[in-house]
Amino acid sequence: MKKTIIIFIINIILILNYSCNSTKYLEKNEYLLKSYKINCVDKNIKPADFESYVKQKPNKSFIGVPLYLNIYNLVDPQKEEEREIIRKQKEEEINVIREASGKKPKEKPYITRWIRKIGEPPVVYNQVFTEKSKKQFKLYLKRKGYYNPEIYSEKKIENKKISINYFIKPNAVYKVKKINIDIEDKSIDSIISKNRNKSFLKPEIDFDIDILEKERNRINKIMLNNGYYEFVKEYITYSVDTSLGNHQVKLTLKINNIKRKNNKESFDISLHKRYKINNINIYPNFNPQLSISKQNKYLSEFTSIKQNRITYTYHKKNPYKISLLKRGVSLYSDSLYKEENVESTFDYYSSLMNFKLINVDFKKNSSLQKENKNYLDCYIRLFPITKQSYSLELEGSSSAGKYGMAAKLNYQHRNLFKGAEILNLDYVTSFDNRIDLPSSEDSYFNVVENGITVSLKIPKFMFPLKAEKFNKKNTPKTNFLFSYNYQRSPDISKYIISSSFGYQWKTSKHMTHFFYPMELYSIKYSSLDSSYVAYILDKYLLEESFDRVIASGKYGFLYNNQKVNKKIDFIYLKFNIELSGNLLNIFNKTFNEPQVMIGDIFKPLIEGMLSNYDDSERQELMEQRMNAFNKADNYNKYYRVFKLPYFQYAKTEIDFRYYHYWLKNNLVFRIYTGAIIPYGSELGTPIEKEFFIGGSNSIRAWKTRSIGPGTFNVDTVTEYAYAQSHGDIKLLANIEYRRNLFWVVEGALFVDIGNIWSIDKNDSRKGAYFQKDSFYKDLIIGTGLGVRLDFSFFVLRVDMGIKIKDPTLSVGSKWLGKKALKWDEISFNFGIGYPF
């Protein structure tokens, strides 16, 4: 422990030392730009609005230290320049030989050269950039209606470092007093008039160029959705009259007719044309590369069929059903061209996840144009991705000298029945060593798990829902899933069979709904160790001890306004509510199904526990145990299905995330809350549906299921700890700061807070019960650092978690600093993808 602290302190001293010497290689008249600050006297204008217009910014820093500059300064620039002269000469000689033999030239990986590349040279202050920044500030303010701003800067020099202060006084803003609309084409005027109430232009608004641009985009969209295929927003112009005085303007918006120069050095004026759709052509397996390389030979191999005014042209063999290709087409022959229908068609084909390339193109129909008819022929070209694929994932783990491993094999078929059905087959196998379980006699591993999952996603609503309009507009899917899982350990062996059927659909670009009317789980034990049975009966952990059924239904929605490949702020919100056992309970009561007492449910457990006794003793002990169970439960009786008891509960989950981006930084906030409440039965809630905490996507300073619920200390449980580390309520909050460091390397700093609790006052786990007046005292807090390697197509992640607050410890030892930090208490998490 002492050695670790000493190493940590030495590293801090070294970083600070280099920070203090960040100017050591500057010339005599050079100054390092240390910082800048933007000050604005008008509260309506935020200093952050000017950030992107600052032309010179200080060196990047990490936790307040110019780390990249310090790395760069590890190498003397003068000596490096001398070394580079010699290196370049040698490299040129080598590369001449390489090029002669057809090889590409390359550089040698010198360590000092590599350090300079990942580092960052000092930002030497330049007055020219300060003046350019102030000029950009003025241009920005002018766009916002401030035509007479006052901007000046001050600089402060200290130890060869300069800090810049920008001061901005916008003064009076120009306001729009009057608005005129001038549209030469009366047919366009009537269309725009119908949508006038949605205009961004209103009297007394600031004369803001961005608002004017938003109005141009709004009108342009209206035109494109009303048949004006060739319309562009450049036909929309503004004229401004400032003669009203008192910082007021008269604004005139004009939609111009088409003006084209002719051979007589004058202009022809014409009205904008309104287009309709004529022919619709769909190419379901079009390869753009072959169409270029093989041209006529490739095109000669196409076959066409026509149905309902749509022509389907495919290469050799049509890989998709006609009904699938037609379903998502929102374009119709003889209907007006609408941009929104083009986007809807594109979104439909994209949602099928079957195409590498989707192109929706239009060409004017020349033969109809000769008859003065404005028609467009539509061409939808689809380039399918590979139908079948395989993948293999491998994992490894280590804990207290015990090793584990897991593998997942996936097979996927993206067009199973020629209807873009997506089939997934997953086989998972894992071998682990849990320290809270006895060692296995016949294997190095004491926990073995094997499972297979089959899922099928069909891109439409199936029975009993069939709605063509809904299928076209909301890109629905019907999902089927079946899984079989076998788990074996020294204490138990069990089979879990699950199946589900449900729907998902979109009601907007960002909102997706999920509805599963049926989810079934069947848990069957093939063996139970007698010592384990005694343990769970003693601890009253009944939900993990008997064969059972879970029959539930679920509804949820997901809101996500993230824009693909654009790093801008977005919100992620997921909600689920699940109800279980209600339909079975109604069925039992309606048909007067017989009930059983709780002793009958646990009869197989008791028989297993008493298997070592002789017949007479076993019978006597059996009756005693059965009576004790039934009496303790006040003679409550329970319904069963297929001779198995089932649970009744309600479960809800909310997962909210906010992603904030600026420059190369990303700050992520996450809040998760969940609760599961049993009702109608004293069986409690199934452990498969309860909550746990810890691990790579939760509180990273603790391993999965190694803490909670409440202040209950799982570490004091020497065996079967996993059977106790679950709860009925879960609260979790994460804050993570992410920053690009260099190349594909990204750093992260995070704080995780949360815990789980029980809602049963009689819970035998001390401190597990949720108390609304003091639950916040039970919150677990962890922090740490992370490194991510972002290769675009996947992200490798390593997180190091440190325990800040452990509520399971005694009062004087809960917080870091109050107790000694041990190296083996630091948790490392490895994963693929971001934690959230």
Side-chain angles (χ1 to χ4, degrees), residues 284-285 319-321 323-325 327-328 347-356 358 382-395 405-430 449-463 465 471 474-487 495-506 512-523 550 552-558 560 564 574 576 578 688-689 696-697 793-795 831-834:
N285 57 345
Y320 297 99
K321 294 177 181 177
S323 59
L324 172 80
L325 298 171
R327 188 184 306 136
D347 289 344
Y348 167 76
Y349 288 118
S350 180
S351 72
L352 298 178
M353 295 183 289
N354 257 251
F355 303 106
K356 188 183 298 184
I358 302 167
L382 309 171
F383 182 20
I385 60 178
T386 304
K387 283 196 304 183
Q388 301 182 69
S389 63
Y390 303 85
S391 66
L392 176 65
E393 295 180 16
L394 300 174
E395 293 181 4
M405 62 182 70
K408 178 181 178 181
L409 178 64
N410 170 264
Y411 165 76
Q412 186 177 76
H413 195 303
R414 291 180 178 269
N415 189 30
L416 188 63
F417 305 117
K418 298 181 70 174
E421 302 89 356
I422 298 177
L423 172 72
N424 272 293
L425 294 176
D426 291 303
Y427 173 72
V428 179
T429 182
S430 68
E449 182 175 346
N450 289 284
I452 186 168
T453 301
V454 183
S455 66
L456 181 65
K457 191 183 292 283
I458 301 172
K460 63 179 180 178
F461 268 168
M462 297 188 66
F463 54 89
L465 302 173
N471 284 336
N474 300 88
T475 58
K477 291 178 174 60
T478 302
N479 301 323
F480 298 90
L481 182 141
F482 173 83
S483 72
Y484 173 86
N485 185 274
Y486 171 70
Q487 299 173 10
Y495 302 89
I496 302 175
I497 300 174
S498 66
S499 61
S500 66
F501 157 72
Y503 306 99
Q504 71 179 72
W505 68 96
K506 297 177 78 73
T512 303
H513 299 262
F514 306 87
F515 175 56
Y516 285 81
M518 183 186 72
E519 286 188 328
L520 290 175
Y521 292 82
S522 175
I523 298 92
I550 304 172
S552 63
K554 181 169 64 177
Y555 165 76
F557 67 80
L558 171 64
N560 185 354
V564 180
K574 188 172 185 179
N576 279 318
E578 180 179 345
E688 292 83 5
K689 294 290 184 175
S696 62
N697 299 318
F793 51 95
F794 74 96
V795 175
I832 296 177
Y834 289 103

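- When all heavy atoms are compared, the tightest approach of Asn410 to Asn424 is ND2-OD1, 3.3 Å.
- No donor-acceptor distance shorter than 3.5 angstrom exists from the side chain of Ser351 to the backbone of Thr475, with no hydrogens or angles considered.
- Here the closest non-hydrogen pair linking Lys574 and Leu558 is CB-CD1, 4.0 Å.
- Rounding to the nearest 0.5 Å places OG of Ser522 at 10.5 Å from OH of Tyr484.
- Between the CE atom in Met353 and the CD1 atom in Ile385 there is a gap of 9.0 Å [rounded to 0.5 Å].
- The number of heavy atoms from other shown groups lying within 6.0 Å of NZ (Lys418) is above 12.
- Expressed to the nearest 0.5 Å, how far CG of Leu481 lies from OG of Ser483 amounts to 5.5 Å.
- Glu421 pairs by the side-chain hydrogen bond (donor to acceptor under 3.5 Å, both in side chains) definition with nothing, not counting sequence neighbours.
- Side-chain contact between Ile523 and Ile550: present, with at least one pair of heavy atoms (C-beta onward) separated by less than 4.5 Å.
- For Asn285, the side chain to side chain contact (heavy atoms under 4.5 Å, CB included) partners at least two apart in sequence or on another chain are Tyr314, His315, Pro319, Pro384.
- In this structure, Asp426 contributes its side chain and Ile452 its backbone to no donor-acceptor pair below 3.5 Å.
- With Asn354 contributing its side chain and Arg414 its backbone, the two residues share a donor-acceptor pair below 3.5 Å.
- Rounded to the nearest 0.5 Å, atoms OG (Ser498) and CZ (Phe482) are 7.5 Å apart.
- Annotation: Tyr320 is in aromatic contact with Phe355 [ring centroid separation under 6.0 Å].
- For Lys689, the NZ atom sits in a packed shell: over 12 heavy atoms of surrounding residues, nucleotides or ligands are nearer than 6.0 Å.
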**OP:** Show your reasoning for whether side chain to side chain donor-acceptor pair (under 3.5 Å) applies to His513 and Tyr503.
**Re:** CA-CA 8 Å; His513 299 262; Tyr503 306 99; over 6 Å; no
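- Considering all non-hydrogen atoms of both residues, Tyr348 and Gly328 come closest at CD2-CA, 3.1 Å.
- Judged purely by distance below 3.5 Å, without hydrogens or angles, the side chains of Gln487 and Asn485 pair a donor atom with an acceptor atom.
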Original post:
Going through the distances and angles, do Tyr516 and Asn479 end up as a side chain to side chain contact (heavy atoms under 4.5 Å, CB included)?
Top reply: CA-CA 9 Å; Tyr516 285 81; Asn479 301 323; 3.1 Å; yes
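- Ring pair Tyr411/His413 is perpendicular by interplanar angle, where above 60° counts as perpendicular and below 30° as parallel.
- Between Leu324 and Gly419, the shortest heavy-atom distance links the atoms CD1-O, 3.5 Å.
- Heavy-atom minimum distance, Trp505 versus Phe514: CZ3-C, 4.5 Å.
- Remark: the backbone N or O of Asn450 is not paired with any side-chain donor or acceptor of Thr429 at under 3.5 angstrom.
- The closest side-chain heavy-atom distance from Ile422 to Gln412 is below 4.5 Å.
- For the residue pair Ala420 and Asn415, the shortest heavy atom distance occurs at N-OD1, 2.9 Å.
- For the pair Asn474 (side chain) and Lys506 (backbone), a donor-acceptor distance under 3.5 Å is present.
- Distance alone, capped at 3.5 Å, is enough to place a donor-acceptor pair between the Arg327 side chain and the Pro459 backbone.
- Not a single ring-ring contact (aromatic ring centres under 6.0 Å, His included) links Tyr427 to another residue, sequence neighbours left out.
- Atom CG of Leu423 is separated from atom NZ of Lys387 by 12.5 Å, given to the nearest 0.5 angstrom.
- Atom NZ in Lys477 sits 8.5 Å away from atom OG1 in Thr512 (nearest 0.5 Å).
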